[in-house]
**Student:** 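To start, I am sharing the structure in question, which I have written as structure tokens.
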Number of protein chains: 2
Amino acid sequence: MNKQSLRDMKREATAHALADAAFELALERGLDGFVVDDIVQRAGYSRRTFANHYSCKEEAVAAAAVSYKNVHEAEDLIAGIPENLPPVDILYQLMKMQLSAEILWILRELVSLSKRYPTLEPYILNVLRSSQIAAQELLSDLSRGRYPEGYTHLLAGAVYGAVLPLLDGSINVLLPGQSAEESPGAMTFDQYLDMMFGYLRKGF
Amino acid sequence: MNKQSLRDMKREATAHALADAAFELALERGLDGFVVDDIVQRAGYSRRTFANHYSCKEEAVAAAAVSYKNVHEAEDLIAGIPENLPPVDILYQLMKMQLSAEILWILRELVSLSKRYPTLEPYILNVLRSSQIAAQELLSDLSRGRYPEGYTHLLAGAVYGAVLPLLDGSINVLLPGQSAEESPGAMTFDQYLDMMFGYLRKGF
DNA sequence: TTATATCATTGCACAATGGGCAAAAATTCA
DNA sequence: TGAATTTTTGCCCATTGTGCAATGATATAA
């Protein structure tokens, strides 16, 4: 599953450097405050190389949400999952692990940017969708054949559907890394997640 | 909820004409077989007007999935929904109504295109996401305060998560408008939907 | 090691695109 | 009717996307 060759690692490193530079610039100046040349200048690559990795600056900005650390942590988690654990429980663990304070901060910044610059939204959705597909495929792999087709899609869709509104503040929840003053009277992320999984386990 | 003024109807009409032209061209020549000038020439508008409605041709092509007929039919449906019907049942009716043979055909064509031309994918996801949000908001409106925050997001996310894999064939289901020879041995769309809602009602 | 193949990066050139601006045409409202 | 609002359009130009070919770095095989 890992890309291990030096060549692939370098390729991903440049993609990452470009995405980071794009994300920084978007936070500093807004999406219309810089051009692709600014990105490649900051990251130290050519404009042509940028086009080899991303089709536009929106895509590069959204790619900042892809965290390698999380990917590797997820792989460690997967290795430690007991056989025959129900998909609901796997997904529960996966969510608690993947939604770190850091990644939630990046996602919230991206969603905030996408409110000001709507052209960003499709690319953010695409990143989140990729994450949802990865989760669904993990569930499917770990419960091979024990559930009908669609079961894992249903589960993954539900959880991601419930997490997304936390990012734009349409549901008031105290996220990891936020102080209690930021969202007075809000339930915590863990409480919210437990409630959502309660519905999944017991039915609607 | 309706836009009723003549001005708004005309605006949507041009957006629609542009999207239809873009969609036709994409089917005929592939996404790289035409330029924005081809779209506006076919639809009878100026290039500048295109930019007033869409940010790129990918966005226009994906917009072909937005059907006005369905929107109006959905509004009729909403008017006929009994008060206090549980959100699960509302969503079930909504899915059966919105996923007509025509719209499913368009969606399948778009998803098929997005396999060949990955730059299209974020914009298709965006359209589907808009539909998901509309469904969630409908559920939320019709069950004001009777369920905790997140409940309707969870439900809508689950159902859309289960429907999406039908569009790219990763789950083999006989969709409305398809003949039985196309997917031998597959369960029907109605059977699939009933099974998915069974999990939602009874729990995972 | 060396030789060869594969792939990433870069520069160049040019068609295609996005968007500010202002004028013209259409619609709305008083 | 006339004024206000909004859409469409043309003009213009900075920005962008991409095919092609060359160079440099990594991988593979002997």
Side-chain angles (χ1 to χ4, degrees), chain A residues 2-22 25-26 29-63 68 113-114 116-123 126, chain B residues 2-22 25-26 29-63 68 113-114 116-123 126:
Chain A
N2 255 337
K3 296 187 179 182
Q4 286 181 340
S5 76
L6 174 60
R7 185 179 275 169
D8 287 330
M9 287 180 55
K10 283 200 172 185
R11 178 174 172 78
E12 294 199 354
T14 73
H16 229 273
L18 289 167
D20 281 349
L25 284 165
R29 312 183 192 172
L31 196 62
D32 50 4
F34 64 101
V35 293
V36 173
D37 280 333
D38 297 322
I39 302 174
V40 299
Q41 184 180 348
R42 181 173 293 212
Y45 292 93
S46 72
R47 200 168 71 84
R48 192 62 187 78
T49 293
F50 178 89
N52 286 340
H53 289 268
Y54 302 109
S55 69
C56 59
K57 62 181 177 183
E58 284 86 354
E59 188 177 9
V61 171
Y68 292 86
L113 277 170
S114 76
R116 282 191 288 161
Y117 308 99
T119 56
L120 195 53
E121 203 169 354
Y123 295 94
N126 200 32
Chain B
N2 255 337
K3 296 186 176 181
Q4 284 179 338
S5 77
L6 174 61
R7 186 177 272 167
D8 286 330
M9 286 180 55
K10 284 201 172 186
R11 178 174 173 78
E12 295 200 353
T14 73
H16 230 274
L18 289 168
D20 280 350
L25 284 164
R29 311 183 193 173
L31 196 62
D32 51 3
F34 65 100
V35 293
V36 173
D37 280 332
D38 296 323
I39 301 174
V40 300
Q41 183 180 349
R42 180 173 294 213
Y45 292 93
S46 71
R47 200 166 71 85
R48 191 63 186 77
T49 293
F50 178 89
N52 286 339
H53 289 269
Y54 302 108
S55 68
C56 59
K57 62 180 177 182
E58 284 86 354
E59 188 177 6
V61 170
Y68 290 86
L113 277 170
S114 75
R116 281 192 288 162
Y117 307 101
T119 58
L120 195 54
E121 202 168 357
Y123 295 94
N126 200 33

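Worth saying up front: this structure is predicted, and the values here are computed from it rather than measured. Side-chain atoms are counted along with the backbone in the values below, which use heavy atoms only and exclude waters and symmetry mates. First the proteins, then the strands, lettered A, B, ... as listed; each starts at 1.
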**Student:** At a heavy-atom distance below 4.0 Å, what parts of residues 54-63 of chain A sit against DNA chain C?
**Tutor:**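 Residues of residues 54-63 of chain A under 4.0 Å from DNA chain C: none.
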**Student:** Round to the nearest Å and state the distance from A:Leu25 atom CG to D:dT15 atom C1'.
**Tutor:**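 In whole Å, D:dT15 C1' and A:Leu25 CG are 16 Å from each other.
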**Student:** To the nearest Å, how far apart are A:Asn52 CG and C:dT6 P?
**Tutor:**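 So the CG-P distance, A:Asn52 to C:dT6, works out to 19 Å.
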**Student:** Counting just side-chain N and O atoms, does B:Thr14 come under 4.0 Å of either OP1 or OP2 of D:dT7?
**Tutor:**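 No.
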**Student:** Can any side-chain N or O of B:Tyr54 pair as donor or acceptor with the backbone N or O of B:Ala15 at less than 3.5 Å?
**Tutor:**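 Yes; judged by distance alone, with no hydrogens or angles, the pair exists.
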**Student:** Applying a 4.0 Å non-hydrogen cut-off, can you work out what B:Arg7 is touching in the nucleic acid: base, sugar-phosphate, or nothing?
**Tutor:**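 Base: the residue B:Arg7, judged by heavy atoms under 4.0 Å, touches a nucleobase.
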**Student:** Please give, in whole Å, the distance from C:dG18 P to B:Leu18 CG?
**Tutor:**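 Rounded to the whole Å, the gap is 13 Å.
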**Student:** Just the rounded figure in Å: distance from P of C:dA16 to CZ of B:Phe50.
**Tutor:**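 In whole Å, C:dA16 P and B:Phe50 CZ are 15 Å from each other.
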**Student:** Would you say a side-chain N or O of A:His53 is under 4.0 Å from OP1 or OP2 of C:dA8?
**Tutor:**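 A:His53 to C:dA8 OP1/OP2: no side-chain N or O under 4.0 Å.
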**Student:** Considering non-hydrogen atoms only, spot the tightest contact between B:Leu31 and B:Lys57 and give its length.
**Tutor:**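 For B:Leu31 versus B:Lys57, the nearest heavy atoms are O-NZ, 2.8 Å.
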**Student:** Where the side chain of A:Ala51 is concerned, which of C:dT10, D:dT18, D:dT7 is the nearest nucleotide?
**Tutor:**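 Closest of the options to the side chain of A:Ala51: D:dT18.
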**Student:** Suppose we screen for side-chain hydrogen bond (donor to acceptor under 3.5 Å, both in side chains). Which residues come up paired with A:Arg42, at least two apart in sequence or across chains?
**Tutor:**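 So A:Arg42 forms a side-chain hydrogen bond (donor to acceptor under 3.5 Å, both in side chains) with A:Glu24, A:Glu28.
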**Student:** Between D:dT8, C:dT28, C:dT10, which nucleotide has the shortest distance from any of its atoms to the side chain of A:Ser46?
**Tutor:**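 Of D:dT8, C:dT28, C:dT10, C:dT10 is nearest to the side chain of A:Ser46.
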**Student:** Given the structure, check if the side chain of B:Arg48 and the base of C:dG18 hold any donor-acceptor pair shorter than 3.5 Å.
**Tutor:**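 No pair found.
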**Student:** Please tell me which of the listed nucleotides, D:dA27, C:dT28, D:dT9, lies nearest to the side chain of B:Leu6?
**Tutor:**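 Selected nucleotide: C:dT28.
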**Student:** Taking A:Asp38 for the side chain and A:Val35 for the main chain, is one N or O donor matched with an acceptor at less than 3.5 Å?
**Tutor:**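 Such a contact is found between A:Asp38 side chain and A:Val35 backbone.
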**Student:** Please lay out, stage by stage, how B:Val40 and B:Thr49 fare under the test side-chain contact (heavy atoms from CB on, under 4.5 Å).
**Tutor:** CA-CA 8 Å; B:Val40 300; B:Thr49 293; over 6 Å; no
**Student:** Please give, in whole Å, the distance from D:dT18 C1' to A:Arg47 CZ?
**Tutor:**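 Checked: the CZ to C1' distance equals 10 Å.
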**Student:** When you get a sec, tell me which of C:dT9, C:dA16, C:dT28 is the closest nucleotide to the side chain of B:Ser5?
**Tutor:**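 Out of C:dT9, C:dA16, C:dT28, the nucleotide with an atom closest to B:Ser5's side chain is C:dT28.
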**Student:** Once you round it to whole Å, what is the distance between P of C:dG18 and CG of B:Asp37?
**Tutor:**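 Atom CG in B:Asp37 sits about 11 Å away from atom P in C:dG18.
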**Student:** Roughly, in whole Å, what's the span from CG in B:Asp8 to C1' in C:dT28?
**Tutor:**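 Interatomic distance, CG of B:Asp8 to C1' of C:dT28: 11 Å.
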